[in-house]
Amino acid sequence: MKKNILKYIVLAFGVFAATSCTDFLDNAPDGDITLEMVFNDRTRIENWLAGMYNSIPDPHMKMMRNYDAYADDFSPSAGWEAFSNWDCISKIKGNWNSESPWDGNFWGDLPVKIRESYVFMEQIKPLPDQGILQADVDNLKAESRFLIAYYYYLLVNTYGAIPLQTWLSGLDEPIESLMIGQNPYDDVIDWIDKELWDVAQILPYSYLNNQDFSNSHKFKYYYGRATSIMALAVRARMLLFAASPLVNGNDDPDYANFVNDKGEHIFNSTYNPQKWKRAVDACKDLIDAAEANGHKLYYEYNDDGTIDPFMSYSNMSFKQYHEGNKELLFVRSEGSWDDMQTHASPGGSNGNGGLGVTQSLVDAFFMSNGLPAITGYTADRKPIINQPSGYKEKGFSTTADKRKTKWEEGSADARSSQEINTVVPAGIFNMYVNREPRFYISVLYNEAYHRVSSRYVNFYKNGLDGINRPGSSGAWDAPQNGYLLRKRMHPDFSNRNNIKPYRPGILYRLGEAYLNYAEALNEWDPSQKDEILKYVNLIRERAGIPTYGDGADQIPAPTTPEGMRDIIHRERRVEFNCEFAIRFDDIRRWKQMDLLKGDFDGMNANATKKSDNESDPDAYYVRKVYITRAFSDKNYWLPVHQNQLDKNWNLRQLPKW
């Protein structure tokens, strides 16, 4: 049934697999339903529109398993490899080819949404008697154009070489006309760039001002709808990637010689500095528009008016726009955050206890004095300690680390009513002492306090939250390397008491716009040192660590573009850790895939002793290899699945696959 409309939507798209339909179609009653019936009924129009939006990626569980986990922030338990929806673990070990399934399924899902959006643009019309006026139609068409451009951005960002079909195929077109080959990368970027810029001139900057949010249905109707700010945000992120080494001057012969079915080069191997200027302008366009419309970094304050970096960085992930979080630029209103937090919650607190973070992320955080703790690694993977930072990797603290903050998660005696709170109690491994606030918000380490459980976590083997914990059926539901993810995990969440607070699915925030702009400007015109540092320092100030500059309380700023690049890269790693797709995209665009190869270590999770004695195999606080990764240069892009190559003879597989 539903043949008339179903045929129109799921017409073979030629270049991609059309494997799904809208939620509207799935829920439509039996019987024939036509486009005329849909687009003469407001409720059906709204359902169709919602279906167009539902392939915006969920920045929680789904994207973490199918994208973020490939980078070097997340560390899901290797034992979960036995479960089919955790094949990311097998992939990072090198078990990935062009016939491997990918649950992100952009190549299969997004073209269907693109086609639905083209149909929507063609069919939508004013229905004054149902409250749809011409102005509404104009805005709805701009929303459709945004979604088409955004979905094409996701495709080109993921696969690099994609077909770009910018028209709606007719029902009677021969199949041969739909067998479209891939377009040159720069051509795709140019088309998306123009579309995003054009719709940014049409869409409102927000739907949320002056709205009554006592009606939850009304709130959900507006929350996450396309805005001019969202369009400018996607554009800025895309053009930063397009200016980066992977696709700007990449002279790898495999990429330089990669051509489509027409013999056109997909990737331009000639470096073009103007791409950085284009990224600079796009990032500044976004910042200016966002700030002009009230967006700003999210801050919370101590009683004396100083910034509380702990509460600011923590609640930036939880507060919604109408709750004062004006840092949000692009959100998905619904997502699988409760599943993600269950996987990151300690096993002894009714969590799955296996979604952790890597030791390299732990190493990346600054000390409280703003200096990096570790500057690199020796050939045998020993950390190179930055002595001026004060970092220590031996021994245990003898006094509590107290800070000015209302953060309650550091110890049993912490209270939001207090001006000074314990962040780290005495007796904690020195690796975790005197670190910057973002570290404590992001990482749950052994013997850290877990307020909602009213106890300190125990990751030792046979401990309440460790390997072989009491009542556990296997070793996989425990931190495999000594850490669980804390960032974006709501402090009030409790599986045991079924308390699962809402949080927005953040796809883009103003903090990213600031560091994107700083990076692009340093690559384009490093002489603008003050402007570059302005935006880096805004992030560090909110983070509660010293800024860069010439002042008495500042850290001397780098004097070379290379030095500035290094501090920007370091700041990105920390500020955006475990956030939607950012780290994996950074590693790819910077051509740093070597970071994802070889042995990864952590604490000795199979140990029972509170000891840092490297000679004792049962000492917990000793670096031990827990997984060996085997990503390679082919992983800069995801492959076109073999079944698509079999369907469309004009497609070409990505280099090295």
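Remember, it's a predicted structure, so these values are computed and weren't measured experimentally. Starting from 1, each residue takes its place in the sequence as its number.
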Asp566/Arg570 under salt bridge (Lys or Arg N to Asp or Glu O under 4.0 Å): CA gap, chis, key distance, verdict: CA-CA 6 Å; Asp566 180 66; Arg570 287 181 181 275; 3.2 Å; yes
Without hydrogens or angle criteria, can the side chains of [X] and [Y] be said to hold a donor-acceptor pair below 3.5 Å?
X	Y	result
Asn302	Lys406	no
Asn421	Thr405	no
Asp58	Ser336	yes
Glu300	Ser312	no
Thr422	Arg403	no
Asn516	Arg572	yes
Asn350	Arg496	yes
Tyr377	Asp363	yes
Glu447	Tyr621	yes
Asn386	Thr375	no
Tyr391	Glu393	yes
Tyr313	Lys487	yes
Thr608	Asp618	yes
Asp109	Ser55	no

Do [X] and [Y] sit within salt-bridge range, that is, some charged N less than 4.0 Å from a carboxylate O?
X	Y	value
Arg583	Asp68	no
Asp492	Arg451	yes
Arg589	Asp585	no
Arg588	Asp586	no
Glu614	Lys624	no
Glu571	Arg438	yes
Glu408	Arg415	no
Asp73	Arg573	yes

Over-ring placement of Arg540 relative to Tyr548, 6.0 Å and 45° cut-offs: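 Judged by the rule, Arg540 and Tyr548 form a cation-pi pair.
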Stepwise side chain to side chain donor-acceptor pair (under 3.5 Å) check, Ser442 with Asn577: CA-CA 8 Å; Ser442 302; Asn577 81 86; 3.2 Å; yes
Working for salt bridge (Lys or Arg N to Asp or Glu O under 4.0 Å), residues Glu419 and Lys402: CA-CA 10 Å; Glu419 181 181 14; Lys402 296 178 179 288; over 6 Å; no
Nearest-0.5 Å distance, [atom1] of residue [X] to [atom2] of residue [Y]:
X	Y	atom1	atom2	result
Leu361	Phe74	CG	CZ	9.5 Å
Ile545	Ile555	CD1	CD1	7.0 Å
Ile582	Ile587	CD1	CD1	12.5 Å
Met238	Tyr153	CE	OH	8.5 Å
Trp102	Trp96	CH2	CH2	7.5 Å

Atom NZ of Lys634: over 12 foreign heavy atoms under 6.0 Å: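 Result for NZ/Lys634: enclosed.
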Heavy atoms from other residues, nucleotides or ligands near NZ of Lys394 exceed 12 (cutoff 6.0 Å):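 Counting neighbours around NZ of Lys394, more than 12 heavy atoms of other residues, nucleotides or ligands fall under 6.0 Å, so yes.
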Intermediate values then yes/no, salt bridge (Lys or Arg N to Asp or Glu O under 4.0 Å), Glu579 and Arg488: CA-CA 9 Å; Glu579 291 190 40; Arg488 299 197 287 159; over 6 Å; no
Check against side chain to side chain donor-acceptor pair (under 3.5 Å), Tyr626 and Ser75: CA-CA 10 Å; Tyr626 69 92; Ser75 179; 3.1 Å; yes
Trace of the side-chain contact (heavy atoms from CB on, under 4.5 Å) decision for Lys461 with Arg469: CA-CA 7 Å; Lys461 184 177 181 180; Arg469 65 179 176 84; over 6 Å; no
From CA spacing to verdict: salt bridge (Lys or Arg N to Asp or Glu O under 4.0 Å), Lys62, Asp103: CA-CA 8 Å; Lys62 184 169 182 177; Asp103 194 42; 5.1 Å; no
How about [X] and [Y]: are their ring centres within less than 6.0 Å of each other?
X	Y	answer
His343	Trp80	yes
Tyr432	Tyr440	no
Tyr456	Tyr449	yes
Tyr636	Trp590	no
Tyr508	Phe330	no

CA sep, side-chain torsions, deciding dist, call: Phe396, Phe429, ring-ring contact (aromatic ring centres under 6.0 Å, His included): CA-CA 4 Å; Phe396 301 85; Phe429 187 43; 5.6 Å; yes
Minimal non-hydrogen separation, Val622 against Asn613, with atom names: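 Distance-wise, the nearest heavy atoms are CG2-O, 3.8 Å.
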Heavy-atom closest pair, residues Ile568 and Leu515: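 Distance-wise, the nearest heavy atoms are CG2-O, 4.3 Å.
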Aromatic plane relationship, Phe241 with Trp637 - under 30° parallel, 30 to 60° tilted, over 60° perpendicular: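 Tilted: the ring planes of Trp637 and Phe241 meet at 30° to 60°.
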Aromatic ring pairing Phe318/His490, orientation class (parallel under 30°, perpendicular over 60°, tilted between):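 The rings of Phe318 and His490 sit tilted, inter-plane angle from 30° to 60°.
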CA sep, side-chain torsions, deciding dist, call: Leu638, Tyr159, side-chain contact (heavy atoms from CB on, under 4.5 Å): CA-CA 5 Å; Leu638 269 63; Tyr159 301 99; 4.0 Å; yes
Side chain to side chain donor-acceptor pair (under 3.5 Å) evaluation trace for Tyr321 with Glu327: CA-CA 8 Å; Tyr321 183 90; Glu327 186 165 348; over 6 Å; no
Option passing side-chain hydrogen bond (donor to acceptor under 3.5 Å, both in side chains) with Lys656 (candidates Asn635, Asp633, Asp254):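 With Lys656 as partner, Asn635, Asp633, Asp254 yield a single side-chain hydrogen bond (donor to acceptor under 3.5 Å, both in side chains), made by Asp254.
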Stepwise side-chain contact (heavy atoms from CB on, under 4.5 Å) check, Phe580 with Arg509: CA-CA 11 Å; Phe580 173 73; Arg509 58 184 176 91; over 6 Å; no
Residues Thr358, Asp72; criterion side chain to side chain donor-acceptor pair (under 3.5 Å); working and verdict: CA-CA 6 Å; Thr358 64; Asp72 55 357; 5.9 Å; no
